[in-house]
2 protein chains.
Amino acid sequence: MNPTHEQLVAFVTTVEAGSFSAAARRLGKAQSLVSTHVANLELEFGFALFDRSKRLPVLTANGRRMLAEALSLLEQREHLLGVARRLDQRIEPRLRLAIDEFYPERLIGGLMDDFAARFPTVEVELHFPLLDDVGRMIDAGSADLGVMCRPSEPLATLETRPIGRVPLRLVCGRDHPLAAGGFEREDLKRYRQLIVATRGQRSSRQAERIAPDVWWVESHFVMLELVKHGVGWTLMSDHVIAASPARPELVTPIAPGLERWVELELGWHRQRGLGIAGGWLRDRLLAEALPDRWPPLER
Amino acid sequence: MNPTHEQLVAFVTTVEAGSFSAAARRLGKAQSLVSTHVANLELEFGFALFDRSKRLPVLTANGRRMLAEALSLLEQREHLLGVARRLDQRIEPRLRLAIDEFYPERLIGGLMDDFAARFPTVEVELHFPLLDDVGRMIDAGSADLGVMCRPSEPLATLETRPIGRVPLRLVCGRDHPLAAGGFEREDLKRYRQLIVATRGQRSSRQAERIAPDVWWVESHFVMLELVKHGVGWTLMSDHVIAASPARPELVTPIAPGLERWVELELGWHRQRGLGIAGGWLRDRLLAEALPDRWPPLER
DNA sequence: ACCTTCTATCTGGATTACAGATGGATTCCA
DNA sequence: TGGAATCCATCTGTAATCCAGATAGAAGGT
């Protein structure tokens with residue numbers, strides 16, 4: 001009986017993702033690889049981990065029991081890697097950042113300039129994921145450090161610190177009924193609301209909905225295009241609005257009684273830890289938290 | 001950074017065995033494989049685990065730190081395997097026993113007869129190791145269940161239960177000065193003592209020495225041949241004496257004040273556990289412990 | 001009924017794993 | 001001091017394994 005790390009990862013990721021195909025997408029592997037890894041694990045163990053009578057695999061009782069063991073083992077392994085990483089006196093060769101699009105880009109520029117000067121040998125990957133969750137990327141090992149919106153259900157494997165919040169403004173098209181302002185908060189419910197979210201995020205984003213009529217869109221830019229055309233209204237941060245090609249056709253009317261913001265936090269893997277360069281960047285990001293007061297948008 | 005299970009096993013076994021070559025022998029692998037596994041682990045970690053300036057590798061400070069992590073991880077993995085094994089309702093296909101030669105063979109015959117009837121599909125390996133330590137075999141995974149002498153430094157990874165003791169008799173050749181009997185205990189020190197032990201066991205067997213002049217021999221049978229020829233005397237159990245081709249030329253004089261015996265115990269891997277068949281045999285071996293009184297040797 | 005998505009199986013190419021041979025160095029013993 | 005034994009690192013060749021991608025069948029949703 002010799003289960004491999006990859007088999008255990010395939011098993012655990014299948015449970016978390018809900019299917020072999022979703023697990024494969026998350027891991028960046030072929031679906032057949034995940035399917036085969038789990039099947040081989042079941043052969044080695046001598047019992048089924050999943051019930052496959054329906055289209056989607058469902059954990060068996062034994063599977064639940066082994067899931068607990070596998071999670072524990074993978075956690076222990078991350079711990080070992082974390083210890084090794086801390087003992088490693090070298091600067092890591094690569095750092096992968098995942099930054100939610102709500103985080104203002106202008107804060108990153110100067111910081112990464114300093115980083116480049118200090119760590120010229122580190123290859124940086126800068127992701128602004130939307131189709132993936134930042135927290136899940138860190139958990140899965142495809143990102144080392146990330147800026148994310150505070151999740152409703154935080155992942156236990158992440159170490160997180162709050163770094164501030166970004167205020168959100170009401171945005172609509174010039175011809176939208178809300179464009180002139182002078183309306184009550186209740187009036188917002190009469191018009192369609194657009195919310196940015198990926199397929200897996202709808203449940204966690206339900207708290208953001210105000211209107212009963214909601215469209216979910218997987219792109220900030222596309223959504224603002226729709227807003228420009230009067231499809232509905234949304235709540236968006238200044239820097240995203242400023243960067244949109246639709247900017248000239250967008251208006252941000254005063255919404256009395258509507259103070260909304262996005263709480264952002266920095267996260268990294270608790271056990272895996274960070275290298276020297278990653279630790280430096282984390283400390284800088286924590287030190288330079290978001291400002292409390294925001295300048296008004298330039299016209 | 002993706003250390004494999006085999007790399008961690010090679011690392012840990014090298015520490016325990018004292019060298020890459022000894023680890024390779026213990027694992028039944030090529031020396032180059034162990035050497036390469038550890039070297040690759042060091043490349044991944046980014047620091048040396050061993051100091052190789054002398055002929056034998058010596059753990060570095062970082063290596064000691066990683067050893068603790070690796071042992072913990074391997075223990076956790078054994079735990080997972082143990083859980084899987086207990087959930088596995090099938091009878092295991094193979095059971096490997098390692099039995100110290102001090103354990104009387106005649107107690108095994110009937111027991112294994114019952115075992116064969118009850119578990120006809122289980123392939124049994126029966127080892128009577130001398131060049132290997134029973135406890136280490138279980139620890140390393142090359143034996144599932146074992147009968148061993150109580151070690152002076154028990155392995156923490158083993159679950160053990162005492163199963164009795166085997167009395168030892170003084171044995172010498174017919175022409176040896178001690179053959180006639182009628183001597184005091186102090187007289188034993190005047191003659192050479194022969195002790196069975198492998199290379200790694202001398203330190204743990206020091207407690208058995210009575211005479212200052214000791215020969216260490218790696219075979220019960222060879223040792224009794226030497227005793228027959230008057231090279232020295234030894235302490236041995238009845239059943240080993242009875243089975244020796246040298247038996248007719250050996251005598252067992254009464255040694256007043258010399259009560260010696262070997263404490264035997266049953267052991268298995270704490271985390272890895274045992275299957276259904278192995279569990280059955282363990283329970284039978286525990287239930288049928290060694291008798292307290294021994295019949296005299298037949299002439 | 002049709003489309004989308006999922007799973008299990010199969011194929012082929014690439015990569016990896018490992019045993020064994022070898023040379024150089026260290027250590028021990030006579 | 002010299003020879004033998006043992007150890008380690010490197011190299012080679014063979015075999016086995018790994019994985020992506022294609023495919024067919026089934027489940028589920030609209």
Side-chain angles (χ1 to χ4, degrees), chain A residues 1-45 48-60 63 131 140-142 198-200 202 215-216 218, chain B residues 1-45 48-60 63 131 140-142 198-200 202 215-216 218:
Chain A
M1 182 150 46
N2 189 20
T4 68
H5 170 69
E6 287 69 33
Q7 286 174 338
L8 294 174
V9 167
F11 168 45
V12 163
T13 309
T14 297
V15 175
E16 291 172 352
S19 73
F20 298 129
S21 296
R25 282 194 295 274
R26 192 174 291 192
L27 295 170
K29 301 287 185 185
Q31 172 269 322
S32 52
L33 183 61
V34 176
S35 172
T36 313
H37 269 331
V38 175
N40 287 338
L41 200 54
E42 289 174 319
L43 283 175
E44 292 201 23
F45 286 166
L49 298 166
F50 291 103
D51 172 15
R52 291 172 171 70
S53 52
K54 298 294 183 60
R55 180 191 187 193
L56 293 178
V58 176
L59 261 184
T60 59
L131 294 180
S142 55
T198 62
R199 276 160 283 177
R202 290 188 192 174
W215 276 20
W216 306 90
E218 287 189 13
Chain B
M1 184 152 39
N2 188 20
T4 69
H5 171 69
E6 287 70 33
Q7 287 175 337
L8 294 174
V9 167
F11 167 45
V12 165
T13 309
T14 296
V15 176
E16 291 173 353
S19 73
F20 298 129
S21 297
R25 283 194 294 275
R26 191 174 291 194
L27 295 171
K29 302 287 183 183
Q31 170 268 323
S32 50
L33 183 62
V34 175
S35 173
T36 312
H37 270 330
V38 174
N40 286 338
L41 200 53
E42 289 173 319
L43 282 175
E44 293 199 23
F45 285 167
L49 298 166
F50 291 103
D51 174 13
R52 291 172 172 71
S53 52
K54 297 293 183 61
R55 181 188 184 193
L56 294 178
V58 175
L59 261 186
T60 58
L131 296 180
S142 55
T198 62
R199 275 160 282 178
R202 290 186 193 176
W215 276 19
W216 307 89
E218 287 188 13

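So you know, we letter chains A, B, ... as the sequences are listed, proteins then strands, and number each from 1. Below, each value reflects all heavy atoms present in this structure, side chains not excepted, and no hydrogens, waters or symmetry copies.
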Double-helix bend of the helix from dA1(C)-dT30(D) to dA30(C)-dT1(D), axes at both ends from 5 pairs, round to 10°, gives 40°
Here the distance between atom P of dT17(D) and atom NE2 of His5(A), to the nearest Å, is 21 Å
Closest non-hydrogen atoms of Leu59(B) and Leu49(B), given as atom of the first, atom of the second and distance, are CD2-O, 3.3 Å
Residues passing the side chain to side chain donor-acceptor pair (under 3.5 Å) test with Glu42(A), sequence neighbours excluded, are Arg52(A)
For Asn2(A) and His5(B) the tightest heavy-atom approach is OD1-CD2, 3.9 Å
Once base and sugar-phosphate atoms are separated, protein heavy atoms under 4.0 Å mark nucleotides 20-30 of chain D, 5' to 3', with B, S and - as BB-----BS--
In whole angstroms, the gap separating P of dT10(D) from CG of Asn40(B) amounts to 11 Å
Residue set satisfying side chain to side chain donor-acceptor pair (under 3.5 Å) with Asp51(A), at least two apart, ordered chain then number -> Ser53(A)
- prompt: With respect to the phosphate group of dT5(C), does any side-chain polar atom (N or O) of Arg25(A) fall under 4.0 Å of OP1 or OP2?
  reply: no
| message | Can you tell me if Ser35(B) touches the phosphate of dA9(D), counting only side-chain N or O atoms and a distance under 4.0 Å to OP1 or OP2? | response | yes
Taken in chain and number order and not counting sequence neighbours, the residues that satisfy side-chain contact (heavy atoms from CB on, under 4.5 Å) with Ser21(A) are Ser19(A), Arg25(A), Gln31(A)
note: Leu27(B), atom CG; dA17(C), atom P; distance rounded to Å ~ 16 Å
Between CZ of Arg52(B) and P of dT6(D) the distance, given in whole Å, is 22 Å
- Item | dT7(C) phosphate, OP1 or OP2, under 4.0 Å from Ser21(A) side-chain N/O | yes
Sequence neighbours excluded, the answer for side-chain contact (heavy atoms from CB on, under 4.5 Å) partners of Ala10(B) is Val34(B), His37(B), Val38(B)
In whole angstroms, the gap separating P of dT26(C) from CZ of Phe20(B) amounts to 16 Å
Check your understanding: Reckon His37(B) has a side-chain N or O less than 4.0 Å from the OP1 or OP2 of dA17(C)?
Key -> no
Between Thr60(B) and Ala48(B), the two heavy atoms sitting closest are OG1-O, 2.9 Å
When every non-hydrogen atom of Lys29(B) is compared with those of Leu33(B), the smallest separation belongs to CD-CD2, 3.8 Å
The complete set of ring-ring contact (aromatic ring centres under 6.0 Å, His included) pairs with one or both residues in residues 8-30 of chain A, sequence neighbours excluded, reads Phe11(A)-Phe50(A), Phe20(A)-Phe50(A)
